[in-house]
Amino acid sequence: QVQLVESGGGLVQPGGSLRLSCAASESIFSSQAVGWYRQVPGKERELVAGIFRGVLTNYADFVSGRFTISRDNAKNTFYLQMNSLKPEDTAVYYCFIDRRSRYWGQGTQVTVSS
């Protein structure tokens, strides 16, 4: 089964930027939905952004134009560029890919704090 490895999380000041990467252990294809969720303790995991049906991007309302999801199938990797980060963006971010089942990465911590 495919394995996903996230990277790029860390500590950033409010207003700063981070780019999360999710590398798949196998080839990924445009027909497979990919995306990112996030979770804070005590709350359900929530969708941040996804690419569905090949090219259809979907963003949560709280993104408000600050984040961009992209994919590079040739590198078996997809990304989440996060700009203008806010303290409320602090969470563990998980990537996923949909095949016959949904596969998840292990999560990467993003902390936005001064």
Side-chain angles (χ1 to χ4, degrees):
Q1 65 184 39
V2 64
Q3 295 184 340
L4 302 176
V5 178
E6 296 117 335
S7 60
L11 173 64
V12 64
Q13 292 187 343
S17 298
L18 285 174
R19 187 174 85 152
L20 305 183
S21 299
C22 183
S25 60
E26 302 175 359
S27 296
I28 62 175
F29 304 96
S30 296
S31 59
Q32 299 167 338
V34 297
W36 298 86
Y37 276 69
R38 71 185 188 184
Q39 188 170 26
V40 298
K43 293 189 177 182
E44 293 187 356
R45 197 172 291 190
E46 59 181 357
L47 178 69
V48 178
I51 304 177
F52 303 95
R53 300 180 184 176
V55 296
L56 185 65
T57 56
N58 185 31
Y59 294 95
D61 289 343
F62 59 76
V63 169
S64 300
R66 301 179 296 127
F67 299 175
T68 303
I69 187 172
S70 61
R71 64 193 298 167
D72 186 339
N73 292 345
K75 295 182 178 179
N76 301 331
T77 302
F78 50 101
Y79 308 93
L80 184 68
Q81 176 67 44
M82 304 187 294
N83 300 325
S84 302
L85 283 161
K86 305 175 182 180
E88 51 264 42
D89 294 317
T90 296
V92 178
Y93 285 70
Y94 298 89
C95 64
F96 74 88
I97 186 169
D98 286 343
R99 295 187 163 186
R100 293 187 177 183
S101 300
R102 175 163 287 185
Y103 295 90
W104 295 94
Q106 81 285 357
T108 186
Q109 176 70 46
V110 171
T111 302
V112 185
S113 175
S114 55

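Only a predicted model underlies this, so the values are computations on that prediction, with no experimental measurement involved. The first residue in the sequence is number 1, and the count goes up from there.
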message: Between V34 and F52, is the side-chain contact (heavy atoms from CB on, under 4.5 Å) condition met? List the steps.
response: CA-CA 7 Å; V34 297; F52 303 95; over 6 Å; no
- prompt: What about W104 and Y37, are their ring centers closer than 6.0 Å?
  reply: yes
- prompt: With side chains defined as the heavy atoms from C-beta onward, is the minimum distance between P14 and P87 less than 4.5 Å?
  reply: yes
- request: Kindly indicate whether the side chain of F78, heavy atoms from C-beta on, has any atom under 4.5 Å from the side chain of D72.
  value: no
message: Taking atom CZ as the centre, does R53 end up with more than 12 heavy-atom neighbours from other residues, nucleotides or ligands that are less than 6.0 angstrom away?
response: no
- prompt: Between the side chains of N83 and S17, is a donor N or O closer than 3.5 angstrom to an acceptor N or O?
  reply: yes
query: From I97 CD1 over to C22 SG, what is the distance, rounded to the nearest 0.5 angstrom?
result: 8.0 Å
query: Does any N or O in the side chain of Q39 come within less than 3.5 Å of the main-chain N or O of A91, such that one atom is a donor and the other an acceptor?
result: no
message: Whether the side chain of Q81 engages the backbone of I69 through a donor-acceptor N/O pair (distance < 3.5 Å, no angle test) should be reported.
response: no
task: Would you give the length of the straight line joining atom OH of Y94 to atom CG of L4, rounded to the nearest 0.5 angstrom?
output: 13.5 Å
query: Does any non-hydrogen side-chain atom of L56 lie less than 4.5 Å from one of I51?
result: no
- prompt: Are a donor atom and an acceptor atom from the side chains of S27 and N73 found within less than 3.5 Å of each other?
  reply: no
query: So does E88 have more than 12 non-hydrogen atoms from other groups sitting under 6.0 Å from CD?
result: yes
task: Report the C-alpha distance between V92 and T108 in whole Å, list the side-chain angles of each, state the deciding distance to 0.1 Å, and finish with yes or no for side-chain contact (heavy atoms from CB on, under 4.5 Å).
output: CA-CA 5 Å; V92 178; T108 186; 6.0 Å; no
- request: Please check if the side chain of T77 supplies one atom and the backbone of K75 the other of a donor-acceptor pair under 3.5 Å.
  value: yes
task: Could you tell me whether a side-chain N or O of T111 sits under 3.5 Å from a main-chain N or O of L11, the two making a donor and an acceptor?
output: no
query: Taking side chain as C-beta onward, heavy atoms only, is R38 less than 4.5 Å from K43?
result: no
task: State whether the number of non-hydrogen atoms from other residues, nucleotides or ligands found under 6.0 Å of Q106 atom CD is greater than 12.
output: yes
message: Side chains of L18 and V110, heavy atoms from C-beta outward: is any pair under 4.5 Å?
response: yes
query: Is there a donor-acceptor contact under 3.5 Å from the side chain of R71 to the main chain of F29?
result: yes
message: If you define the side chain from C-beta out and look only at heavy atoms, does anything of M82 sit under 4.5 Å from Y93?
response: yes
message: For R19 and Y79, which I'm curious about, is there any donor-acceptor pair between the side chains at under 3.5 Å?
response: no
- prompt: Any side-chain heavy-atom pair from K86 and R66 closer than 4.5 angstrom?
  reply: yes
- prompt: Quick one: are E46 and V40 in side-chain contact, heavy atoms under 4.5 Å?
  reply: no
- prompt: Looking only at heavy atoms, what is the nearest atom pair of W36 and L20, with distance?
  reply: CH2-CB, 3.6 Å
task: Please assess Y59 against L47 for the test side-chain contact (heavy atoms from CB on, under 4.5 Å), listing each intermediate value before the final yes or no.
output: CA-CA 8 Å; Y59 294 95; L47 178 69; over 6 Å; no
field: Exam field: side chain S101 to backbone D98, donor-acceptor pair closer than 3.5 Å
entry: no
message: Assess the residue pair R99 and V2 against the criterion (side-chain contact (heavy atoms from CB on, under 4.5 Å)); give the C-alpha distance rounded to whole Å, side-chain angles, the decisive distance to 0.1 Å, and a yes or no.
response: CA-CA 9 Å; R99 295 187 163 186; V2 64; 3.8 Å; yes
